[in-house]
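Below, chains carry the letters A, B, ... as their sequence lines are ordered, and counting in each starts from 1.
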2 protein chains.
Amino acid sequence: MDRADLAADVVRRLAHVTAALRHRQDSVFAELGLTPAAARALHELDPDRPSPARDLAERLGCDRSNVTALVDKLEQAGLVERRTDPADRRQKTLVVTGPGRGVRAGVVEVMSDSRLLAALSDEELRTLRDLVWKVSDDGCPEQCDTR
Amino acid sequence: MDRADLAADVVRRLAHVTAALRHRQDSVFAELGLTPAAARALHELDPDRPSPARDLAERLGCDRSNVTALVDKLEQAGLVERRTDPADRRQKTLVVTGPGRGVRAGVVEVMSDSRLLAALSDEELRTLRDLVWKVSDDGCPEQCDTR
DNA sequence: TATTGTTATACTCTATAACTATA
DNA sequence: TATAGTTATAGAGTATAACAATA
């Protein structure tokens, strides 16, 4: 098998593995009562450092206008609160509530969960980590996000 | 770094790399005048073995009703033709046209393209292939598709 | 009755543009 | 005048349910 075929194989398999990861994540999000996008928004909110909606849009790599709807859902579910910033009344600070912290913990867990990698030994896992890092350092410029 | 953190790191990076891959693919699809879903549909059509729409839905892992709209687009672009199967007049066979073959070749190329992997030596690439295979063999049951 | 493809409809995600209330 | 958040709107992708033609 020559290099091009080998690389094509890797690309296909990577897509396959990531689709499976995504699939599991989305079904857990659904169990938590969240759509995938809402779950990812909650994931980006640091419960210990409330931040304005503007920042969230930036971290999600999407337009501000979408954040409105996402936060609407999270707020209706009681997971997040909007508070007008007294220092600049244009801004609304997004605060993760008590229940929000709990749900967010579930989101964080599944997003870094790795049952999929169970087949690998510790050493294989380290090797994979190094290779994937090498690829993403080199081939992933600024514009990439993790959506 | 313990195993859980290591695995979480791998998961994050994998998502990152695949997002970058997807990003590049989608922009090439756009240059070819195709939406991502239409491009993936064309990718699934074997020019040498025309098949009914039913099969395409199955390969894409989506509902038949979506295939209608996807094939509408491909047909309007002159890349695919619908032909009623004389043997079973309920079925419509999807035939990739001459121009369709050319565009499909571009889709196939970018979907197995691997400039992203350029940073790896031949040996590293083989190692990565083996590890990714191991993961996908073990951790990806039937329900996964490559979307 | 069962199946193929289609239509109608709805929901999610995302983007652009225009609006408001602040600054 | 510029910025933060919102609203209105649109397009892509996907799903369910009902329908016509055919088997």
Respond yes when some side-chain nitrogen or oxygen of Ser65(B) is under 4.0 Å from OP1 or OP2 of dT16(D), and no when none is.
no
Answer yes or no: does a side-chain N or O of Lys73(B) lie under 4.0 Å from OP1 or OP2 of dA12(D)?
no
Among dT12(C), dA15(C), dA23(D), which nucleotide has an atom closest to any side-chain atom of Asp63(A)?
dA15(C)
Report the residue (Gln91(B) or Asp85(A)) whose heavy-atom-nearest nucleotide on DNA chain C is the more 5′ of the two.
Gln91(B)
Separation of dC13(C) atom C1' from Arg22(B) atom CZ, nearest Å, is 13 Å
As a test of reading the structure: which of dT14(D), dT16(D), dT4(C) is closest to the side chain of Arg64(B), going by heavy atoms?
dT4(C)
Whole-Å distance between dG5(D) P and Arg89(A) CZ?
13 Å
Toward the 5' end of DNA chain D, which comes first, Leu70(B) or Asp88(A), by nearest nucleotide?
Asp88(A)
In whole Å, what is the span from the NZ atom of Lys92(A) to the P atom of dT3(D)?
19 Å
Got a sec: does the CZ of Arg89(B) have more than 12 other heavy atoms crowding it under 6.0 Å?
no
Base, sugar-phosphate, or nothing for Thr68(A), non-hydrogen atoms under 4.0 angstrom?
base
Leu94(A) CG to dG5(D) P, in whole Å, measures 7 Å
Arg104(A) side-chain N/O to Leu45(A) backbone N/O, donor-acceptor pair under 3.5 Å:
yes
Given dT6(C), is OP1 or OP2 found less than 4.0 Å from the side-chain N or O atoms of Arg82(B)?
yes
May I have the distance from Asn66(B) (atom CG) to dT16(D) (atom P), rounded to whole angstrom?
10 Å
Thr97(A) side chain vs Leu79(A) backbone, donor-acceptor pair below 3.5 Å:
yes
How long is the line joining CG of Leu74(A) and P of dC13(C), in whole Å?
11 Å
Salt bridge present between Arg101(B) and Asp48(B) (N-O < 4.0 angstrom)
yes
With a 4.0 Å cutoff (strictly under), does any side-chain N or O of Arg90(B) reach OP1 or OP2 of dG5(C)?
no
Give the rounded distance in Å between these two atoms: CG of Leu34(B) and P of dG11(D).
18 Å
Among the candidates dT22(D), dT4(C), dT22(C), find the nucleotide nearest to the side-chain atoms of Arg54(B).
dT4(C)
Between P on dT14(C) and NE2 on His23(B), what's the gap in Å once rounded to a whole number?
13 Å
Charged N to carboxylate O under 4.0 angstrom, Arg40(A) versus Glu44(A)?
no
